[in-house]
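All chains are named by letter (A, B, ...) in the order of the sequence lines, taking the proteins before the strands, and each is independently numbered beginning at 1.
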Protein chains: 2
Amino acid sequence: MNRRLTQRGRERRRQLVEYAARRFAENGYHPTSVAEIVAGLGVGKGVFYWYFSSKEELFGEILREAQQELRRCQEQAIADEPDPLRRIELGIRTSMRWLGDHRHLFTLFQFAVTEDRFRGMLRRGEDVAVADAVRHIKEGIGAGRIRDTDPMVLTHAMLGVTNHLARVMIFERGDAPDDVADAAVAFCLDGLCGPPEKVPAAYR
Amino acid sequence: MNRRLTQRGRERRRQLVEYAARRFAENGYHPTSVAEIVAGLGVGKGVFYWYFSSKEELFGEILREAQQELRRCQEQAIADEPDPLRRIELGIRTSMRWLGDHRHLFTLFQFAVTEDRFRGMLRRGEDVAVADAVRHIKEGIGAGRIRDTDPMVLTHAMLGVTNHLARVMIFERGDAPDDVADAAVAFCLDGLCGPPEKVPAAYR
DNA sequence: CGGTTCCTTGACCAGACGGTCAAGGGTGCC
DNA sequence: GGCACCCTTGACCGTCTGGTCAAGGAACCG
């Protein structure tokens with residue numbers, strides 16, 4: 001659905017996206033009905049179908065806008081950092097903070113992966129972010145500071161650490177995003193065994 | 001629902017669990033109706049409600065049995081390995097292979113996390129597995145072979161790596177589980193920067 | 001003022017959903 | 001045979017779903 005919207009219209013649309021995202025995350029996408037969304041906003045059902053052609057389209061828009069915003073944050077944070085390892089670190093820290101501030105959107109990402117028709121929507125956005133991280137990793141490998149392994153694999157390993165730690169430590173345990181980011185960065189850089197200088201002589 | 005079942009009954013129940021799990025994973029939990037499940041098995045609707053009191057209960061059973069089986073595999077693989085780091089490695093390898101063999105169940109785990117009433121069902125099982133890994137990590141820390149960090153955090157970091165790599169590299173890219181396991185183990189042990197002996201002198 | 005475009009209403013629809021149940025078949029035991 | 005128990009059938013129920021649409025209000029423009 002692509003309508004020409006006035007100021008007022010854009011505001012309504014924003015309301016719908018925001019409220020629906022919250023309800024979807026709290027209650028699940030399928031169990032949340034269009035009727036419930038419009039009732040929660042105190043408007044008639046026609047409003048919904050004026051701005052979106054279907055519930056599915058709305059969900060797609062939520063995903064798209066969320067990914068866009070996360071990506072904008074990351075680009076801004078990394079912008080003038082010359083060191084590739086440090087760019088990676090900043091990426092992790094930014095993600096962690098963003099996830100802490102938008103946990104409901106993270107839940108929606110997780111759900112989207114579990115149904116075919118939504119997985120595709122995520123993929124496009126994820127691929128862009130991954131390609132970006134891969135560039136930094138390649139640079140790190142070129143400089144001999146990252147071991148020479150498939151950069152895609154390394155990227156996804158870091159993504160896995162970040163997402164899972166965000167969910168468990170921030171959402172469920174209530175830890176501070178910055179602390180969790182510290183742990184994630186340390187793990188991604190040096191794994192279980194810790195930075196080289198801390199490895200006992202016997203294992204060097 | 002707890003019934004006394006004959007041999008024949010147990011077989012029917014197994015059919016229902018298996019077929020439903022596959023449909024839920026392919027099509028989504030909510031979009032898959034009870035009617036569709038029984039039709040796919042060529043039986044009447046009453047059969048479903050003879051074995052399960054609701055669709056939700058069936059889903060819970062699927063989760064419970066899947067977790068139980070994964071855990072059994074891991075315990076068996078680790079049983080007589082004395083070295084804690086190697087136990088961790090074996091745990092990762094076993095998970096990866098199991099996930100490769102049961103990708104549909106992994107999708108269901110992922111979905112379960114996104115809805116409150118199912119998250120609880122997962123938690124109990126996950127907590128047990130995590131507590132187990134934490135024990136091995138503590139042992140590694142005691143031996144000075146793992147850096148002294150919150151073992152829970154390290155465990156979840158590894159879980160994140162394993163799950164995410166399984167999804168992306170095995171399910172989406174079609175890589176061989178054993179290769180992905182190699183990468184996961186390497187990353188978990190030494191992170192991006194690689195084993196100490198490969199770190200260039202300048203950074204030791 | 002009239003006209004146009006943007007927005008909103010809510011009754012309405014066909015179909016699907018999860019779940020129930022009276023009835024009956026199959027099997028095995030006494 | 002007769003009885004009991006396990007299992008199966010499928011029509012049926014009330015409720016809710018995503019989505020439609022004719023009608024009308026509000027804002028702005030000439």
Which of parallel (below 30°), tilted (30 to 60°) and perpendicular (above 60°) describes W98(B) and H102(B)? parallel
From the options dT9(C), dG18(D), dC7(D), select the nucleotide whose nearest atom is closest to the side chain of L5(B). dC7(D)
Answer yes or no: does a side-chain N or O of W50(B) lie under 4.0 Å from OP1 or OP2 of dC7(D)? yes
For a quick test of reading the model, state the closest non-hydrogen atom pair linking L108(B) to A21(B) and the distance between them. CD1-O, 3.8 Å
Under 4.0 Å, heavy atoms only, any strand: does G46(A) hit a base, just the sugar-phosphate, or nothing? base
Measuring from the side chain of K55(A) (C-beta onward, heavy atoms only), which nucleotide among dC6(C), dG19(D), dC6(D) has the closest atom? dG19(D)
By the 4.0 Å heavy-atom rule, please label S53(A) as base, sugar-phosphate, or nothing. nothing
Between H30(B) and F111(B), does a side chain to side chain contact (heavy atoms under 4.5 Å, CB included) hold up when you go through it step by step? CA-CA 11 Å; H30(B) 292 289; F111(B) 167 74; 4.0 Å; yes
Could you check which of dG18(D), dG18(C), dT8(D) has an atom nearest any side-chain atom of Y49(A)? dG18(D)
Gap between atoms CD and C1', on Q7(B) and dT27(C) respectively (whole Å): 15 Å
Separation of dG10(D) P from L41(B) CG (nearest whole Å): 14 Å
5'-most contact on DNA chain C (nearest-nucleotide basis), K45(B) vs R10(A), goes to R10(A)
T94(A), I170(A), N163(A) screened by side chain to side chain contact (heavy atoms under 4.5 Å, CB included) with L99(A), the one that passes: N163(A)
Under 4.0 Å, heavy atoms only, any strand: does Y51(A) hit a base, just the sugar-phosphate, or nothing? sugar-phosphate
My understanding is that only one of L189(B), L90(B), I137(B) makes a side chain to side chain contact (heavy atoms under 4.5 Å, CB included) with L85(B); could you say which? L189(B)
CZ of F48(B) versus P of dT9(D): gap in Å, rounded? 14 Å
With DNA chain D as reference, determine whether V43(B) or P31(A) sits nearer its 5' end, using the nearest nucleotide of each. V43(B)
Whole-Å distance between dG18(D) C1' and E36(A) CD? 14 Å
Expressed in angstrom and rounded to an integer, what is the separation of R4(B) atom CZ from dA4(D) atom C1'? 14 Å
Check every strand shown and say whether V47(B) touches a base, only sugar-phosphate, or nothing at a heavy-atom separation below 4.0 Å. base
Does a nitrogen or oxygen in the side chain of R12(B) sit under 4.0 Å from OP1 or OP2 of dT8(D)? yes
Touch class at under 4.0 angstrom, heavy-atom based, for R3(B) against every strand present: nothing
Quickly work out the M1(B) CE to dC6(D) P distance and round it to whole Å. 14 Å
